[in-house]
Amino acid sequence: DNENGAFVYWLENKEGKAVLMQQHISLNDLSINDKPLLVSDAEKSVANYSVSSFGLSTAYVCWKYEKEDNVLHQSLITDMNELLWKSNPKIVEKENYSINDLKLFADEEKVWLCWSLDSADVHSVKVTAVDKNSRTIFDESENIEFKNSTLPEIISDENGGAVVSFFVQSSGSVKPDIYAQRISSSGKMLWRNSGVAVTKKLSAEEKSLSVVPDNNSGAIFVFNDVKNDVPAFYAQRIFSTGTYVSQIVGFTAETISDSIKISWISANEKDSVYYILEKLVPDDTTYSDWKTLDTIYANGNTNVSHYEYYDKPEAIGTIHYKLVLESKENKALFSEVASVNYITSGDKIIVAQNIPNPFSDSTMISFYLPEETDVSIEFFNSRIKKIYEFKKQKYKAGKHDLWFNIKGLEPGIYFYRFKAKDPSSKRRRYFIDVKKMVVTK
């Protein structure tokens, strides 16, 4: 349950029907509720189900009844065995189609689901996402569907999106190929529309695919294949850009004197045309208003090229940069976002966004003081419960960097509240700033 307990699910025989039950167990209180929760309809038999923890103290469960091959039922349940979705909203497919191979995972904001949709003549893989209010996030007019595909797997890209993989059966072939696609949090396909081939020799063994994140928005695929008539296990890595060789490596931004140095290495860029360097100013908290900073034409080397660019920002605070690589095929590849705290001397207090963010072990909080003053920083979880504090103490004028270690915090959204006496206020009032940070696994 992402705290100190667990949700337990099982199928139980009730008057000849296989019904779905739930019980919550807390490590803080090992007593068990005498009445486990009946999740499904007592008059119907559950054929199969999948579950995932969904944020703090809630679990998402999705199931299918026997003789209802084209309908999925959903529910969100608390650790108090309370059904948050009273109506158990459905996902309904076409008649005479069967939903199979349901796979899902949950991040902080949504549940990602994928399944095979099969009929006598048609096979495809469908992908959708549901928020905590049971609303489908993607437009119905933009359903994500991969034709002639079966046996999907889906994992987080650890950047708010997902990587889905599936087997593609070509006409007349005995064995399938394996393809993959990365999908953004808004439902946009980030790799080429048909997906990227994991293996393309019509020799992959079905039901032999395992997928894990590569910790950089890409994925590593392990599968059984036959090459030169010899069966063996193979692995393939596909980078966040949808390539087998990462074309943008080591994209970083750092403060050098009064400027910011942006640098990167590009590999395998023989088909590259130019890079578009984009910038997000500190005042934009929606991460949507990216501005083009410059266009840098590619060297066109087949091996490795090194690039450097210097920017002198007009604004202070946390500035974000990213690259868009345009190829000869008019296909855009994107770098990860590089963030830097740009803080210069002045007469006002400046608090920068923590870097890195999201983070999995530690993060740095930077701030600038125009004169010596008392500073405290409090940390809160998503329920606005204080979990830690840098207690009030004096800091000299100038820039300061403080490291915050998660110390066993569960993945989720947290906040930090900066408080200091404001030297710009004649009445010596306090300067307060609150920023959000995200802890990942």
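Nothing fancy with the numbering, it's 1 onward along the sequence. Values below: every heavy atom of this structure, side chains too, minus hydrogens, waters and symmetry copies.
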Show me the side-chain donor-acceptor pairs of residues 89-96 shorter than 3.5 Å, one per line, residues at least two apart or across chains.
from	atom 1	to	atom 2	distance (Å)
Glu93	OE1	Lys126	NZ	3.2
Glu93	OE2	Trp115	NE1	3.2
Glu93	OE2	Lys126	NZ	3.0

What is the distance from atom [atom1] of [X] to atom [atom2] of [Y], rounded to the nearest 0.5 Å?
{"X": "Asp214", "Y": "Ser240", "atom1": "CG", "atom2": "OG", "answer": "7.0 Å"}
{"X": "Thr199", "Y": "Ile178", "atom1": "OG1", "atom2": "CD1", "answer": "6.0 Å"}
{"X": "Ile296", "Y": "Leu293", "atom1": "CD1", "atom2": "CG", "answer": "7.5 Å"}
{"X": "Phe167", "Y": "Asp177", "atom1": "CZ", "atom2": "CG", "answer": "10.0 Å"}
{"X": "Leu83", "Y": "Leu76", "atom1": "CG", "atom2": "CG", "answer": "9.5 Å"}
{"X": "Ser217", "Y": "Leu190", "atom1": "OG", "atom2": "CG", "answer": "9.5 Å"}

Do the non-hydrogen side-chain atoms of [X] and [Y] ever get within less than 4.5 Å of each other?
{"X": "Thr318", "Y": "Val340", "value": "no"}
{"X": "Ile154", "Y": "Phe166", "value": "no"}
{"X": "Tyr49", "Y": "Tyr9", "value": "yes"}
{"X": "Ser266", "Y": "Tyr307", "value": "yes"}
{"X": "Ile183", "Y": "Val127", "value": "yes"}
{"X": "Leu151", "Y": "Leu209", "value": "no"}
{"X": "Asn405", "Y": "Asp361", "value": "no"}
{"X": "Ile413", "Y": "Val439", "value": "no"}

- Task: Could you tell me if the ring centre of Tyr414 sits under 6.0 Å from that of Phe380?
- Result: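 Ring-ring flag for Tyr414/Phe380: false, centres at least 6.0 Å apart.
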- Query: Is the Tyr297-Tyr275 ring centre distance short of 6.0 angstrom?
  - Reply: no
- Task: Run the numbers on Asp118 and Tyr97 for side chain to side chain contact (heavy atoms under 4.5 Å, CB included), then give the verdict.
- Result: CA-CA 5 Å; Asp118 304 313; Tyr97 281 73; over 6 Å; no
In terms of relative ring orientation, are [X] and [Y] parallel, tilted or perpendicular, with 30° and 60° separating the classes?
{"X": "Tyr60", "Y": "Trp85", "result": "perpendicular"}
{"X": "Phe404", "Y": "Tyr388", "result": "tilted"}
{"X": "Phe105", "Y": "Trp112", "result": "parallel"}

Salt bridge or not between [X] and [Y]? Use side-chain N to carboxylate O under 4.0 Å.
{"X": "Lys435", "Y": "Asp433", "answer": "yes"}
{"X": "Arg182", "Y": "Asp157", "answer": "yes"}
{"X": "Glu308", "Y": "Lys261", "answer": "yes"}

Measure from the side-chain N and O atoms of [X] to the backbone N and O of [Y], and report whether any donor-acceptor pair falls under 3.5 Å.
{"X": "Ser40", "Y": "Leu20", "value": "yes"}
{"X": "Lys322", "Y": "Leu280", "value": "no"}
{"X": "Gln181", "Y": "Trp191", "value": "yes"}
{"X": "Gln353", "Y": "Lys436", "value": "yes"}
{"X": "Asn381", "Y": "Arg383", "value": "yes"}
{"X": "Thr295", "Y": "Ile276", "value": "no"}
{"X": "Ser149", "Y": "Lys147", "value": "yes"}
{"X": "Asn48", "Y": "Lys64", "value": "no"}
{"X": "Asp107", "Y": "Glu109", "value": "yes"}
{"X": "Trp63", "Y": "Val39", "value": "no"}

Testing the basics here: between [X] and [Y], what is the closest heavy-atom pair and its distance to 0.1 Å?
{"X": "Ala219", "Y": "Val163", "value": "CB-CG1, 4.0 Å"}
{"X": "Tyr416", "Y": "Asn354", "value": "OH-N, 2.9 Å"}
{"X": "Ser165", "Y": "Phe221", "value": "CB-CE2, 3.8 Å"}
{"X": "Ser50", "Y": "Leu102", "value": "OG-O, 3.7 Å"}
{"X": "Glu153", "Y": "Cys114", "value": "C-SG, 4.3 Å"}
{"X": "Glu108", "Y": "Pro411", "value": "OE2-O, 3.4 Å"}

Could you verify whether a donor N or O on one side chain and an acceptor N or O on the other, from [X] and [Y], lie under 3.5 Å apart?
{"X": "Asn100", "Y": "Ser116", "result": "no"}
{"X": "Thr78", "Y": "Thr58", "result": "no"}
{"X": "His320", "Y": "Ser339", "result": "yes"}
{"X": "Glu68", "Y": "His73", "result": "yes"}
{"X": "Asp294", "Y": "Tyr309", "result": "yes"}
{"X": "Ser366", "Y": "Asp401", "result": "yes"}

- Query: Under the criterion side chain to side chain donor-acceptor pair (under 3.5 Å), which of Asp1, Asp79, Asn81 is the partner of His24?
  - Reply: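 The residue from Asp1, Asp79, Asn81 that satisfies side chain to side chain donor-acceptor pair (under 3.5 Å) with His24 turns out to be Asp1.
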- Message: Is the terminal nitrogen or CZ of Lys279 (NZ for Lys, CZ for Arg) located under 6.0 angstrom from the six-membered ring centre of Tyr321 and within 45° of that ring's axis?
- Response: no
- Measure from NZ or CZ of Arg237 to the centre of the six-membered ring of Phe239, then state whether that distance is under 6.0 Å and the direction lies within 45° of the axis. yes
- Is there a ring pair (Phe, Tyr, Trp, His ring centres under 6.0 Å) between Tyr179 and Phe146 once you walk through the steps? CA-CA 10 Å; Tyr179 277 78; Phe146 303 99; 9.7 Å; no
- Does the pair Ser360 and Thr440 meet the rule for a side chain to side chain donor-acceptor pair (under 3.5 Å), with working shown? CA-CA 5 Å; Ser360 58; Thr440 60; 4.8 Å; no
- Is there a side chain to side chain contact (heavy atoms under 4.5 Å, CB included) between Asp311 and Ile262 once you walk through the steps? CA-CA 8 Å; Asp311 177 36; Ile262 302 118; 4.0 Å; yes
- Please walk me through it: do Tyr234 and Val222 pass side chain to side chain contact (heavy atoms under 4.5 Å, CB included)? CA-CA 6 Å; Tyr234 293 86; Val222 180; over 6 Å; no
- Task: Determine, stepwise, if the pair Leu37 / Ile77 fulfils side chain to side chain contact (heavy atoms under 4.5 Å, CB included).
- Result: CA-CA 10 Å; Leu37 176 68; Ile77 308 173; 3.7 Å; yes
